[in-house]
Undergrad: 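A single structure is presented below for examination.
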Amino acid sequence: MPSAGFTSNDRVPGAPLPRSFYMAPTLTVARQLLGKILVHEAPGGAVAGWIVETEAYRGPADRAAHSRGGHRSARNEVMYGPPGHAYVYFVYGMHHCVNIVTQPEEVPEAVLIRALEPLIGLPLMQRRRALPDVAPWRLCRGPGVLCRALGIDGTANGADLLTSRLRVHDAPDLPAATVARTPRIGVAYAGTDAARPWRFVVRGHRAVSGPRRDASPGDA
DNA sequence: GAATAGATTGTCT
DNA sequence: GACAATCTATTCT
């Protein structure tokens with residue numbers, strides 16, 4: 001399980017996940033990505049973190065997805081491409097968000113990475129966030145700020161997550177009991193699709209943005 | 001801890 | 001011209 005204490009000199013553990021990982025159903029990929037490692041090697045140094053929060057976006061029938069209704073444009077073109085690539089978009093006039101494309105070409109589905117627990121390159125993340133003394137678990141808590149901390153911007157759009165400087169490395173699966181599902185964040189406009197439990201979080205983890213547990217009975 | 005408003009610009013109607 | 005897969009500070013309770 002994620003815990004802090006690494007520095008920028010540590011080597012990134014694991015190897016890139018195989019292409020086949022991203023061919024599984026998108027909900028499965030979103031669930032399985034929890035605990036995996038998002039890596040970005042930029043000129044300033046390598047940074048990496050454990051994925052602790054994801055959301056699935058499921059193509060034309062999902063009214064919360066950028067590909068709703070089969071919409072296709074220069075912005076979301078990468079969603080229609082092969083799996084295992086990064087779809088990076090710009091929102092609210094100031095933030096980038098990074099997604100992982102799933103499913104074969106022409107099936108526009110993806111998983112939004114919403115939060116990480118920082119693993120490697122904490123000083124660099126702190127510089128990019130301009131927060132020199134903040135607690136590490138606050139550095140990547142949210143889809144916009146994690147891109148800021150990792151140095152991900154529009155130039156990473158379309159990057160191959162198996163071979164480029166932006167990758168996802170394998171790590172041990174998390175036990176089912178540590179995972180919770182909730183509705184997605186910020187998609188109130190999506191009608192009935194807004195309530196679908198397509199957000200996955202590491203239950204109770206500090207680095208998760210927003211609700212960290214579902215409503216299931218037995219929460220202590 | 002929860003609710004609210006403001007920042008700021010690419011994308012689409 | 002409206003809105004957006006957000007974040008932060010502020011103002012409550």
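The figures that follow rest on heavy atoms only: side chains count, while hydrogens, waters and symmetry mates do not.
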Undergrad: Of the residues in residues 80-113 of chain A, which ones touch DNA chain B at a heavy-atom distance under 4.0 Å?
TA: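 When residues 80-113 of chain A is checked for heavy atoms under 4.0 Å from DNA chain B, the hits, listed by number, are A:Phe90, A:Tyr92, A:Gly93, A:Met94.
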Undergrad: For DNA chain B, what residues of residues 144-162 of chain A have any heavy atom nearer than 4.0 Å?
TA: none
Undergrad: Below 4.5 Å, heavy atoms only, C-beta onward: do A:Leu33 and A:Leu38 meet side chain to side chain?
TA: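 Counting from C-beta outward, A:Leu33 and A:Leu38 never come under 4.5 Å.
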Undergrad: For the residue pair A:Ser67 and A:Tyr57, establish whether any side-chain heavy-atom pair is separated by less than 4.5 Å.
TA: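 No, every pair of side-chain atoms sits at 4.5 Å or beyond.
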Undergrad: Suppose the criterion is salt bridge (Lys or Arg N to Asp or Glu O under 4.0 Å): which pairs have a residue in residues 16-29 of chain A, not counting sequence neighbours?
TA: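 Of all non-adjacent pairs touching residues 16-29 of chain A, those that pass salt bridge (Lys or Arg N to Asp or Glu O under 4.0 Å) are A:Arg19-A:Asp160.
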Undergrad: Who passes side chain to side chain donor-acceptor pair (under 3.5 Å) against A:Arg212, sequence neighbours left out?
TA: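 Result, side chain to side chain donor-acceptor pair (under 3.5 Å) vs A:Arg212: none returned.
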Undergrad: So does A:Ala64 get a backbone contact from the side chain of A:Tyr189, meaning a donor-acceptor N/O pair under 3.5 Å?
TA: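 Yes; judged by distance alone, with no hydrogens or angles, the pair exists.
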Undergrad: Chain A on DNA chain B: first and last contacting nucleotide, 5' to 3', under 4.0 Å to a heavy atom?
TA: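 Here the contact window of chain A covers B:dA7 to B:dC12.
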Undergrad: Determine the interplanar angle of the A:His96 and A:Phe90 rings, folded into 0 to 90°, and report it as parallel if under 30°, tilted if 30 to 60°, perpendicular if over 60°.
TA: tilted
Undergrad: Just so I know, are the side chains of A:Leu124 and A:Arg127 near enough to count as touching, which here means a heavy-atom distance under 4.5 Å?
TA: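 Yes; the side chains approach each other to less than 4.5 Å.
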Undergrad: Between side-chain atoms of residues 147-154 of chain A and protein atoms elsewhere (two or more places apart, or another chain), which donor-acceptor pairs fall under 3.5 Å?
TA:
| from | atom 1 | to | atom 2 | distance (Å) |
| --- | --- | --- | --- | --- |
| A:Asp153 | OD1 | A:Thr155 | N | 2.9 |
| A:Asp153 | OD1 | A:Thr155 | OG1 | 2.6 |

Undergrad: Measure the shortest side-chain to side-chain distance between A:Asn157 and A:Tyr87 over non-hydrogen atoms and say whether it is less than 4.5 angstrom.
TA: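 Side chain of A:Asn157 against side chain of A:Tyr87, heavy atoms only: contact under 4.5 Å found.
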Undergrad: With sequence neighbours left out, which residue pairs that include part of residues 44-55 of chain A fulfil the salt bridge (Lys or Arg N to Asp or Glu O under 4.0 Å) condition?
TA: A:Glu53-A:Arg114, A:Glu53-A:Arg199, A:Glu55-A:Arg114
Undergrad: Under 4.0 Å from a heavy atom of chain A: give me the 5'-most and 3'-most nucleotides of DNA chain C that qualify.
TA: C:dA4 to C:dT8
Undergrad: Please report, to 0.1 Å, the donor-acceptor pairs under 3.5 Å made by any side chain of residues 167-177 of chain A, with sequence neighbours excluded.
TA:
| from | atom 1 | to | atom 2 | distance (Å) |
| --- | --- | --- | --- | --- |
| A:Arg167 | NE | A:His169 | NE2 | 3.0 |
| A:Arg167 | NH1 | A:Glu41 | OE1 | 3.2 |
| A:Arg167 | NH1 | A:Ser164 | O | 3.1 |
| A:Arg167 | NH2 | A:Glu41 | OE2 | 3.0 |
| A:His169 | ND1 | A:Pro13 | O | 3.0 |
| A:His169 | ND1 | A:Gly14 | O | 3.1 |
| A:Asp173 | OD1 | A:Lys36 | NZ | 3.0 |

Undergrad: Indicate, with a heavy-atom threshold strictly under 4.0 Å, whether A:His71 touches base, sugar-phosphate, or nothing.
TA: sugar-phosphate
Undergrad: Would you mind classifying the nucleic acid contact of A:Ser209 as base, sugar-phosphate or nothing, using non-hydrogen atoms under 4.0 angstrom?
TA: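 Touches nothing.
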Undergrad: Dot-bracket for DNA chain C, 5' to 3', counting Watson-Crick or G-U wobble pairs under 3.5 Å, with [ ] for crossing pairs and | for inter-strand pairs?
TA: ||||.|||||||.
Undergrad: Under 4.0 Å between any heavy atoms, over every strand shown, what does A:Arg68 touch: base, sugar-phosphate, or nothing? Just pick one.
TA: nothing
Undergrad: Is a side-chain donor or acceptor of A:Asn99 paired with a backbone partner of A:Ala110 at a separation under 3.5 angstrom?
TA: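 Flag not set: sc A:Asn99 to bb A:Ala110 has no pair under 3.5 Å.
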Undergrad: Give every residue pair that meets the ring-ring contact (aromatic ring centres under 6.0 Å, His included) criterion with at least one member in residues 20-43 of chain A, sequence neighbours excluded.
TA: none
Undergrad: A:Phe200: which residues meet the ring pair (Phe, Tyr, Trp, His ring centres under 6.0 Å) condition with it, sequence neighbours left out?
TA: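 Listed in chain order: nothing, the list is empty.
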Undergrad: Are A:Pro211 and A:Ile185 close enough that some pair of their side-chain heavy atoms sits under 4.5 Å apart?
TA: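 They are in side-chain contact.
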